[in-house]
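Taking it in order: structure first as structure tokens, then the write-up.
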Amino acid sequence: MSNNDNFIDIGVAQVDITPDYPIRLNGYGSRRTESEGIIQRIWAKALAIGSDDQNPVIMITVENCGLPDEFTEEVSERLKQKTGIPRENFVACYTHTHSAPCLTNSAAFIFGSDIKPGEQATIDKYTEQLKDWIESIAISALENRKPCQIAWNIGELGFAKNRRTEGGPVDHSLPVMRMIDSDGNLSAIWASYACHCTTLAGSDNHICGDWAGFAQEEIQLAHPGTTALITIGCGADANPESRMRAMPQGVQEVFDTRLAYAKEHGKALAHEVSHQLERDAISLSDIPNSAIQRVNLPFDKLPTVEGWKELAAHGGAIGYHAEKHLEMLKNGRSIKTDISYPIQSWTFGDDLAIVFLASEVVVDYSLRLKKEFDNTRLWVGAYSNAFPGYIPSERILAEGGYEGGGAMIYFGQPTKFAPGVEQLVIDTVHELLPSGFLA
Ligand SMILES: [Zn+2]
């Protein structure tokens, strides 16, 4: 534990990203129509750390199901042109709420059918608007910088439950970072939790931040003047425990019950944040050193043309996915054999290492990283930068099921990953983090 009077330049900014028109929502393939209204407004937030001569970093948090790789790259490039902030110093995270607009090419095959041209045009329009919004709050966060003290500690929160295996592994840690200005005011709070943002189910079609949105709202209510940012850890195989509870009869009753649970989970998170704020925290005296590295994750053996034809005969989402691949082959396009997977890290001197894994990462990764690195100085995040699909551990890849490979079709990936995916990701984290963080 260190204690110091170091002040670091911190800026926050936020923008309401709620569309004022109906739009298809992402996350549940069963939804077939545009949104029916707004339960809760959704936000994008930016956090800038460091002064201009310190090589500042920017984190964005977006209430959306998933930001495609090309989306993050484009926003980062635009920001680089305007502010000089390089790609490695920009990280974009999303809450994975299943009650926010579809973005262009984000889980593009989720509906197992083409999206109507008019609906697609609305999605494309929103996607462009969101890029502009994110760019503007990143710049505002830089403009809003003022000296703050940063500290962090780790709380615990119990509502995430393994959704594959009863009693299966979960990561209940709740890392919390506080940023306090020179007047003693809480400027920003950032907390991360490893759970799907899916309290509301596919039977609902309203815009909402789900538990992460309610958590942000509750934190800001409890600490007026602060900006709360929520990001998501390795919760790809975790759901809120309320999703496993029995539901009442009736559409309205189910809706009311789920919404009450989403608020309850958000309140529980905010409560634990308040509890952590009362406890001692570890001061951070350096601005983070940010790095990004890509690793190619190869797919398993691709189907033959005959194989694709057999899959096409299945109909439904599997058939649609196979038809699309047959179409690509017919047009002389090759089917990709791997994905480029970005992994980012922030290291605050020797005090804290934060890992930003991309997309939907299962809990085995954070549990393993916390064994291989000093878990008192490690924060493992996921749902960052890109949204290529589920990233299964070797165990889950072998087990199969939705997170093991079944979900790949909804992301438009040709097939499941080849064995070895876990080690490739873990090795890259080892390359990124200084050895001083090893366990
Ligand atoms: Zn998911």
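The residues of the chain are indexed from 1 along the displayed sequence. Counting convention: from 1, in listed order, for ligands and their atoms alike.
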Exercise. Could you pull out the atom name of the N/O/S atom in Glu360 that is nearest the Zn ion (ligand 1)?
Key: OE1

Self-check item: Residue His196 atom name (nearest to the Zn ion (ligand 1); N/O/S)
Solution: NE2

Quiz item: Should the pair Lys45-Glu63 be classified as a salt bridge under the 4.0 Å nitrogen-to-oxygen rule?
Solution: no

Quiz item: Between Lys131 and Glu135, does at least one N-O distance fall below 4.0 Å, as a salt bridge requires?
Solution: no

Practice problem: Compute the centroid of each ring, for Phe111 and then for Tyr410, and state whether the two points are separated by less than 6.0 Å. | Solution: no

Self-check item: Ring center gap for Phe159 and Trp211 short of 6.0 angstrom
Solution: yes

Quiz item: Strictly under 2.8 Å, is any N, O or S atom of His96 next to the Zn ion (ligand 1)?
Solution: yes

